[in-house]
Every structure is written in C-alpha cells, then in structure tokens.
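The chains referred to below are lettered A, B, ... by the order of the sequence lines, with proteins before strands, and numbering in each begins at 1. Owing to the predicted nature of the structure, the values given are computational and were not obtained by experimental measurement.
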2 protein chains.
Amino acid sequence: MSTILRKHIERITPLTDSEFDYVLAHFSPRSFKKQQYLIQEGELVQNDFFVLSGLVKSYYTNADGKEHLMQFGMEDWWITDYQAYFNQQHAQLNIDCIENTQVLCLSLHNREKLCAELHKMEHFFRKKSNAGYVALQRRILSLLNNNAQERYESLLKLYPELFQRVPKTLIASYLGVSRETLSRFSSKADLK
Amino acid sequence: MSTILRKHIERITPLTDSEFDYVLAHFSPRSFKKQQYLIQEGELVQNDFFVLSGLVKSYYTNADGKEHLMQFGMEDWWITDYQAYFNQQHAQLNIDCIENTQVLCLSLHNREKLCAELHKMEHFFRKKSNAGYVALQRRILSLLNNNAQERYESLLKLYPELFQRVPKTLIASYLGVSRETLSRFSSKADLK
DNA sequence: ACTTTTTTGTGATGTAAATCACAGGTAAGC
DNA sequence: GCTTACCTGTGATTTACATCACAAAAAAGT
C-alpha cells in the first residue's frame, strides 16, 4: 500500500530503500468510513493527508449553511486545510469522506523534520507546492474567464470519472454553480 | 536596492553575507517603463521577477479580447507566468507595467541551481510557494462564496492603497466584475 | 420487499450583475 | 493652452444563473 507513496515521491525524486523507509516512518496510516470527518471546522489541524484509497472532499460552509467545495481528494492526492495546517491554526474548512478512505497522515512537525533532514524531501515538497500553485491559478482563471457551462465542460473533460463517483450537487458546489443549473447543462449535452 | 531581496529572504531564513552575495549573483536587474511588457503571450518564459519598485500586472486575454487579472505585482512580490515558467512553455499570460518598474530576474536554471546548492534556498522557495498556495485558495473561496460587492469590500480593506494606485477597470478585472458594477459599489459606499 | 433518504430533472419566477450607451472629469501629449 | 486619450459615474436594458417548488428515480437502511 505504501508503494503508492513511494511511487508518488519518486515521480519527482528517487529514494534509496532506506531513505524511503525513513520517510515512511514519519507517516501514520488511518482509515475513515464514509461520512466520517478527517477535519472539522474549528479544530486544530494536525495533519496533511496523503490519500491511498477512497475519496474525500474539503469544503467551506458559510453563514447561510451553503457549502463550497475547495477540493476533492482521491488516490495519490494530498489534502488538508493548508491555511490552518501551515500556520497551526483552527480549521476553517471541513474535510470528510465521500467513500471509505485510507490515508497516510503527516504532521507539520514531521514534515518540517523530513525537509530539514533530507534535502530531497524539501525538494519534493517544493515541487508539489509549485504544481499545486499552478493548478489553483488555472482554477481562478477558469472562474474569472469561463461561464458555468464552460467550467462544467472542462471539468467533465478533465475528470470524467468524477461524474460517476460523486453526486452532482458536489460537482456543482466545486464549480460554483447551483445544482439545478448544472443539471440543465447535462440534459443539454445529452442531446448530442 | 538588493537589500530588499535580502530582507525578503531573511524573513524566512537567515543568510550569511557571502551566502547572500552568492544568491544575488544569480539574479539580474532590469528596468521597465510604464506600459512595457515583461512577458508577452506566446513567448518562452525565461524568468521569475522579484519586484523592487513599481507595479506590474499579469493577465489573461480571452478570445473576445477581454482581460482577466491574475495578479498585481508590487514591491517585494514575485511575479511571472508560473505555469509557463515551471514547465518552460510559452506564456498564456501577459505581464506589463502599470508604473515604471525595477525587477530582479531569476531564470529557472538559476533557481534550480540555487535550490540544489543551498538547502536554505530550497527551504525559502518551498515556504514562499506554500504561502502562495494558501493565498490562492483564499481567493478561490472568495470567488465561490462572496458576491461581487463582498469581494470588492474585502479587497478594499486588504489593499486600500491599490485603489489609489491603479484604475478601477483593473480592480474590476481582478475581482471578476464589470467596471460599471464596481463603480456602483464605490458610489454606494460614499453615502456613508 | 418495503420504507426512508438521497439524488436528479424540469418548470416558473426572481435577481445580481453584464452589457450598451453616453457624458463629464481627469490626465497625458504636443 | 489646447487636443486627444483615458478614466469614471450613471441610466436603461438584457441575460445568465439562483432560488423556489415539485415529482420521479435511484440508493441505502432495516
């Protein structure tokens, strides 16, 4: 199972067996059931989560109780409330499971320890962060530049499997569209 | 002038004099006039720019010729087309000067060299990237969760000086609102 | 198998904000 | 100082999308 992590890291930087063992020792595995919270608003955020299997979502709940999806987290993805995690503050986001999920938890302390001790790992995390930054820029541009239907279509193209795996309400919430409007897009597309 | 860079780095990690001199040697200073491009859509992105003085903007121009602001870059900020820079691709964004601007240019090659040679610098860039990621997440949440007026008001609160320094059209374009709608918000606020 | 809950589609209506249009104001160029 | 270009405010109209309301379909729980 942890070979997923090793492959993931080695896409950026190769590790010796003993290096990887050392790295892995800084993670702790956990399992969560569907619906269970990984992080709940208000609590101190201890961990970043590397998803081994399953599917989770991070989202913000506003004053009116409306949810806005920040991120999905599936196999091979990292997820947490990064603002709270990096600054060791209380969570503004919730993260819970759409499916039963297995993760590897990495505390901020262990992350910083690994980065300090192994230059390779600092390199790895810098590269991941850079890639994440670019991905968020793309999402912002898409929010600024594309209308709801265009955003729907690019997401459908990029992650078609997501549309099978999660209720449309969540996809709507990720795209910043109402459930009903999203539904009308998919009916329209069916005509083709 | 380069003390701005030193202070900027040392907010994250201290450097000896000789370390800083070594780092600085990997940057090259350049000056740009108002209106001048730092990066133009389509060209290969060679550099990340650290702004010493002045003000620039990065933006996407869509098929209809409409501009959407990705970022402002003022003193002490980094700016480039990161997608293109990190992957050594052609720019999708334009970057040009709102005011006469002085920058320090860092090529990807020199950035990676510094990161490989000086663990401290890899640490610095990781931290910067993390902070940038969190900032973009906040912007996405604001786009998903807040209406145009709320976005206007939080930006005004966060960067009041920006409203003196740049035309409202640009602020509208950053917020994803039309110039006219933004103008109506500011008239309303005057009544108080 | 039956009940309950969740998910989805679709019509009717309302609204925030875009777009169009024009005028006064301010700054820049010569 | 005059001219040209850019910037801002404000009304009238349009539009994309939200919200409300309901029903059918699918999934989950017992």
Side-chain angles (χ1 to χ4, degrees), chain A residues 33-36 54-55 57 59 61-69 72 96-100 142-156 160-192, chain B residues 33-36 55 57 59 61-69 72 96-100 142-156 160 162-192:
Chain A
K33 294 244 161 112
K34 195 171 168 168
Q35 297 263 28
Q36 203 181 343
L55 183 57
K57 62 178 200 281
Y59 57 99
T61 308
N62 73 11
D64 310 334
K66 259 188 85 173
E67 293 183 3
H68 292 286
L69 274 208
F72 291 104
D96 64 24
C97 297
I98 300 171
E99 301 170 1
N100 293 341
S142 157
L143 285 168
L144 291 178
N145 190 48
N146 300 122
N147 64 26
Q149 182 158 8
E150 289 164 342
R151 297 203 299 279
Y152 164 82
E153 278 159 12
S154 12
L155 189 69
L156 181 58
E161 71 283 11
L162 209 62
F163 288 71
Q164 314 311 323
R165 232 169 139 183
V166 312
K168 300 291 154 59
T169 317
L170 296 183
I171 291 177
S173 160
Y174 177 85
L175 290 172
V177 193
S178 74
R179 204 214 90 226
E180 294 92 332
T181 300
L182 191 88
S183 165
R184 283 180 246 268
F185 294 152
S186 37
S187 334
K188 247 202 270 184
D190 286 343
L191 298 179
K192 294 175 192 176
Chain B
K33 293 245 161 112
K34 195 171 167 167
Q35 298 264 24
Q36 203 181 343
L55 184 58
K57 63 179 201 279
Y59 57 99
T61 308
N62 73 8
D64 309 333
K66 258 188 84 173
E67 293 183 3
H68 292 285
L69 274 209
F72 289 105
D96 63 25
C97 297
I98 300 171
E99 301 169 2
N100 293 341
S142 158
L143 284 167
L144 291 177
N145 191 46
N146 300 120
N147 64 24
Q149 182 159 9
E150 291 164 341
R151 298 204 298 280
Y152 163 81
E153 278 158 12
S154 13
L155 189 68
L156 182 58
L162 210 61
F163 288 71
Q164 314 311 322
R165 233 169 137 182
V166 312
K168 301 289 154 57
T169 317
L170 295 182
I171 291 178
S173 160
Y174 177 86
L175 290 172
V177 193
S178 74
R179 205 214 89 226
E180 295 91 332
T181 300
L182 190 88
S183 163
R184 283 182 247 267
F185 295 153
S186 33
S187 335
K188 248 202 267 185
D190 286 345
L191 298 181
K192 294 176 192 173

Q. Atom CD of B:Gln164 and atom C1' of D:dC7: how far apart are they, to the nearest Å?
A. 15 Å

Q) Do A:Glu180 and D:dC17 share a donor-acceptor pair, side chain to base, under 3.5 Å? A) no

Q. How many angstroms lie between CG in B:Asp96 and CD in B:Gln36, if you round to the nearest 0.5 Å?
A. 10.0 Å

Q | Along DNA chain D (nearest heavy atom to each residue), the more 5'-positioned of B:Thr181 and B:Gln35 | A | B:Gln35

Q) Which whole-number value in Å describes the distance from B:Phe163 CZ to D:dG9 C1'? A) 16 Å

Q: Send over the distance from B:Arg151 CZ to C:dA18 C1', rounded to a whole Å.
A: 13 Å

Q) Considering heavy-atom distances to DNA chain C, does B:Lys34 or B:Asn147 have its closest nucleotide positioned more toward the 5' end? A) B:Asn147

Q) How long is the gap from CD1 on A:Ile171 to CZ on A:Arg151, to the nearest 0.5 Å? A) 13.5 Å

Q) Residues from residues 167-177 of chain A sitting under 4.0 Å of DNA chain D, heavy atoms only? A) A:Gly176, A:Val177

Q: State the dot-bracket string of DNA chain D. Criteria: Watson-Crick or G-U wobble, both atom distances under 3.5 angstrom; notation: ( ) intrastrand, [ ] crossing earlier pairs, | interstrand, . unpaired.
A: ||||||.|||||||||||||||||||||.|

Q. Out of curiosity, B:Leu170 CG to B:Tyr59 OH, how far, rounded to the nearest 0.5 Å?
A. 9.5 Å

Q. Rounding to a whole Å, what distance do you find between A:Leu182:CG and C:dT7:C1'?
A. 13 Å

Q. In whole angstroms, how far is the P atom of C:dA16 from the CG atom of B:Asn145?
A. 16 Å

Q: Grab the CZ-P distance between A:Phe185 and C:dT8 for me, whole Å please.
A: 16 Å

Q | Gap between atom NZ of B:Lys66 and atom OG of B:Ser178 - 0.5 Å precision | A | 7.5 Å

Q | Sequence-distant partners of A:Glu150, side-chain hydrogen bond (donor to acceptor under 3.5 Å, both in side chains), two or more places apart | A | A:Asn146

Q) Side-chain donor-acceptor pair under 3.5 Å between A:Ser183 and A:Ser186, yes or no? A) no

Q: Starting from P on D:dC22, measure out to CZ on A:Arg179 and report it in whole angstrom.
A: 14 Å

Q. With no angle test and no hydrogens, is the base of D:dT19 tied to the side chain of A:Arg184 by a donor-acceptor pair under 3.5 Å?
A. yes

(Q) Nearest 0.5 Å, please: how far is CG in A:Leu182 from CD in A:Glu180? (A) 10.0 Å

Q: Would you mind reading off the distance between B:Leu144 atom CG and D:dC17 atom P, rounded to a whole angstrom?
A: 14 Å

Q. In a check of ring-ring contact (aromatic ring centres under 6.0 Å, His included) between A:Phe163 and each of A:Tyr152, A:Phe185, A:Tyr174, which one passes?
A. A:Tyr152

(Q) Could you go through A:Leu69 and A:Leu175, starting from their C-alpha distance and side-chain angles, then the distance that decides it, and tell me whether this counts as side chain to side chain contact (heavy atoms under 4.5 Å, CB included)? (A) CA-CA 8 Å; A:Leu69 274 208; A:Leu175 290 172; over 6 Å; no

